[in-house]
Amino acid sequence: KCVHKNQPPCSYCVNKGLAHECVLSYPVVKSKKKADSNGPSQGNVKKPKGSYRESSPIAPPMDAIFTPGIRPTIDPKLRIQSLKNNVHISSQSSVYELVPQLPRQMIRVAIERISSCFPELNFFYMPTIDQALEQFNPVLLTAIMAHAAFFTPFKVGGAQSPTDQWLGSQSFLVQNYVYEKLALEAIFNDYTFLLRPDLEVAQALLLLSIVKWGHNEYYAAWMLHGSAVRMIQALEFDEHFQSRAKYSPFLQELKVRTFWCAFCLDRIISTGENRCFIVSEYENMTLPKSDRDFIKSAMESPMNDFELPQ
């Protein structure tokens, strides 16, 4: 099957790296024979006005972590690919351009919706959103929006409008999974997760793993979750993080909570999929404090403790 837009290259040649050599040929269409005084008319060749396969989605070259053709049943909107090569062009080309435009109240709403739907993701302290939002990693904030946009967007009949540009179910950002794509692109295309362990990037990976789990992309969810767990474990050996956590009970508790969130998600994502658990050593791990003690430790921490390692 040749999928194209009536001009070269076709999707097959693009995926094979032969776009410059692609040449399209059209089938011969013979006209019906007419009985007239001059005899039957001669068949002629004409170029069809449009291919009957034009409605098929054409996925651009994918330059992130998946290869086209491996999972042909996945909606092309869900594939991880750079927006630079995407048919859905967004005015925000990176998380660093998107996040400064996000209203503070919209991020707060997204976190409240995440906490209500997924109590396993209990590593947020809301006052930090109001007091130190600019110190948060843009990758984490975009992942928060990606999670809320997929599971709890503003729908018809709700208190908020479904046409809201940030979380409305009919908005461009929500319908085309822009938050999800930008967050994954920032983590993997820029090799953010390979530079050094980062608690906020680990939290973003956990959020995105649940989004992929919601897409029924269980392998992607498992891999994203595994990367998050390894990053959380690596924080134990990161001198920069340990030096700050030593004098910050809030930061240390945030890491503990993130670990146990990863533990809970590990059981959810792996169960029923014949996949091994990522978190196997947990018996000696410190259990998280109660919400009251967690809030108390946050209130006793100086404001610069809210600035997590970048």
Side-chain angles (χ1 to χ4, degrees), residues 107-108 110-133 135-137 139-148 151 183 193 196-211 213 221 224-238 240-270 277-310:
I107 298 176
R108 168 184 277 274
I111 292 177
E112 291 174 347
R113 288 174 171 245
I114 291 173
S115 300
S116 63
C117 295
F118 284 85
E120 299 86 356
L121 299 170
N122 190 19
F123 47 68
F124 298 109
Y125 178 60
M126 195 62 72
T128 60
I129 302 300
D130 299 322
Q131 302 173 24
L133 179 62
Q135 297 175 0
F136 278 74
N137 192 320
V139 173
L140 174 58
L141 297 179
T142 308
I144 290 172
M145 296 299 293
H147 189 286
F151 288 104
F193 76 115
R196 66 183 181 191
D198 187 300
L199 183 58
E200 288 187 315
V201 173
Q203 293 171 342
L205 286 167
L206 291 177
L207 289 166
L208 293 169
S209 70
I210 290 297
V211 173
W213 179 73
L224 291 171
H225 174 269
S227 298
V229 171
R230 289 291 178 257
M231 189 170 290
I232 296 169
Q233 293 172 338
L235 290 173
E236 295 291 339
F237 314 104
D238 185 67
H240 177 61
F241 179 86
Q242 290 300 324
S243 63
R244 299 202 59 226
K246 182 179 180 180
Y247 301 101
S248 173
F250 171 74
L251 190 57
Q252 184 63 34
E253 176 63 16
L254 204 56
K255 185 185 78 68
V256 171
R257 285 192 164 222
T258 304
F259 170 82
W260 285 106
C261 288
F263 173 85
C264 294
L265 296 182
D266 188 27
R267 271 49 188 173
I268 294 174
I269 292 174
S270 301
F277 293 139
I278 301 297
V279 182
S280 56
E281 298 180 3
Y282 56 88
E283 292 86 354
N284 298 324
M285 292 296 297
T286 303
L287 292 174
K289 298 179 181 179
S290 65
D291 289 345
R292 177 179 296 180
D293 292 337
F294 176 56
I295 294 174
K296 182 179 179 181
S297 67
M299 294 176 63
E300 294 174 350
S301 298
M303 180 58 64
N304 58 6
D305 281 354
F306 296 133
E307 184 179 358
L308 302 182
Q310 302 295 324

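The figures that follow rest on heavy atoms only: side chains count, while hydrogens, waters and symmetry mates do not.
Under the 4.5 Å side-chain criterion, counting only non-hydrogen atoms from C-beta, D266 is not in contact with V229. Under the 4.5 Å side-chain criterion, counting only non-hydrogen atoms from C-beta, V279 is in contact with R267. L133 places a side-chain heavy atom less than 4.5 Å from the side chain of L141. Between E253 and V256 there is a side-chain heavy-atom pair separated by less than 4.5 Å. The shortest distance between side-chain heavy atoms of L140 and V201 does not fall below 4.5 Å. Contact annotation: the side chain of F263 never approaches that of L265 to less than 4.5 Å [non-hydrogen atoms, C-beta and beyond]. A heavy-atom distance below 4.5 Å is found between the side chains of L254 and Q203. When side chains are defined from C-beta on, D198 does not count as touching V139, because their heavy atoms never get closer than 4.5 Å.
Nearest approach of A148 to A110, heavy atoms of both residues: CB-CB, 3.7 Å. When every heavy atom of T286 is checked against every heavy atom of W260, the shortest pair comes out as O-NE1, 2.7 Å. R257 and P288 make their closest contact through CG-CB, 4.0 Å (heavy atoms, listed as atom of the first residue, atom of the second, distance). Nearest heavy atom pair, residue T258 against residue I232, reads CG2-CD1, 3.6 Å. Among all heavy-atom pairs drawn from F241 and L199, the shortest one is CE1-CD2, 4.2 Å.
Remark: the backbone N or O of H240 is paired with a side-chain donor or acceptor of S243 at under 3.5 angstrom. Between the S248 side chain and the R244 main chain, no donor and acceptor come within less than 3.5 Å of each other.
Once rounded to the nearest 0.5 Å, the distance linking CD of Q242 with CG of D238 reads 7.5 Å.
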Might you work through the side-chain contact (heavy atoms from CB on, under 4.5 Å) test for I111 and I107, ending with a clear yes or no? CA-CA 6 Å; I111 292 177; I107 298 176; 4.2 Å; yes
Taking it one step at a time, do I114 and L207 satisfy side-chain contact (heavy atoms from CB on, under 4.5 Å)? CA-CA 9 Å; I114 291 173; L207 289 166; 4.2 Å; yes
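Contacts of H147 classified as ring pair (Phe, Tyr, Trp, His ring centres under 6.0 Å), with partners at least two apart in sequence or in another chain: F118, F151. Applying the salt bridge (Lys or Arg N to Asp or Glu O under 4.0 Å) criterion to E120, with sequence neighbours excluded, gives no partner residue. For R113, there are no salt bridge (Lys or Arg N to Asp or Glu O under 4.0 Å) partners two or more places apart in sequence or in a different chain. E236 meets the side chain to side chain donor-acceptor pair (under 3.5 Å) test with K255; sequence neighbours excluded. For the side chain to side chain contact (heavy atoms under 4.5 Å, CB included) test, residues two or more places apart in sequence or in another chain that qualify with A221 are K212, W213, I269. Remark: F193 engages I187, F188, M231 in a side chain to side chain contact (heavy atoms under 4.5 Å, CB included) (not counting sequence neighbours).
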